[in-house]
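Read the structure below first, then the notes.
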Amino acid sequence: MRRPPGKMKKEYRHFEGFIIDIEGVLIKGQSVIEPAPAVIRTLNELNKKIVYLSNISDLTRAEVSEKLNKLGLDIHQDQILTSAYATLLFLKEEWPGKKNVLLIGTDSFREELTDGGINVVESSNDADTVVVGLDPELNYNKIGEAVKAIKNGSLFVASNLAKIKLTGDGYITGPGFVVKGLEYVTGKEAVLVGKPDKFMFTLALNKLGLIPHKILTIGDKLEQDIYGGNMVGTRTCLVLSGASTESDVSQQPEDRKPDYIMEDISGLFPQLFF
Ligand SMILES: [Mg+2]
């Protein structure tokens, strides 16, 4: 016989939708944070609406879903909003005239853009937009083309401003390094799309189709997940399984303080795991 779904902790029961960060909440690099798969399974059994909101820019949503599925997390690509995919939506919604992107990013980022009808160009002469994501193969020529395009008036978009990205055994430098370098050289400021920008959180709200106070945003970074979730009016929950610690909370301004704090995401269903 199928077991009944677990009972959610009382203070969280009234939430109908969840905005859940991936890195630091469900996974760390290439490993799953236990018992995240069982928590997600239980949320699914309770028919809660979930959007997975991540600043990932080097993978397609399909690749993120595949990676999570392999780790035992039952998450469909349609539930995932990455900063790469959000960049595509940002261009289409806010700048419909911009169609030729000089991309600092991976082949997967390129695929998200081209699948959405955006051309990815190689030369600054052909570009009307420069987009920056994580690009482990970035070279000096590409940086030079991006500088020329921005100086020539291209729209300058940062998919996210991450300083580092966790890998299996450490970290690599994030796209924030490249964005700040381009800003320094060109004197132009990039438009941010990823967390904590309102654009990405508004996409998540629209996808859930719920009023904000029926939604709980769960994340591991005060300055991204908690600030963004607070800004759009959701309730927010910091998990201590990733970047921010409990002692960081007291040093933050009010708009970066969470409504709830839990050790890890299993705090939603404590009786299932203790
Ligand atoms: Mg995170």
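Both ligands and their constituent atoms are indexed starting at 1 by order of listing.
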Between [Y] and [X], is the closest basic N to carboxylate O distance under 4.0 Å?
X: E183; Y: K180; answer: yes
X: K70; Y: E66; answer: yes
X: K195; Y: D21; answer: yes
X: E223; Y: K221; answer: no

Among the N/O/S atoms of [X], select the one at the shortest distance from the Mg ion (ligand 1) and name it.
X: D21; result: OD2
X: D220; result: OD1
X: E23; result: O

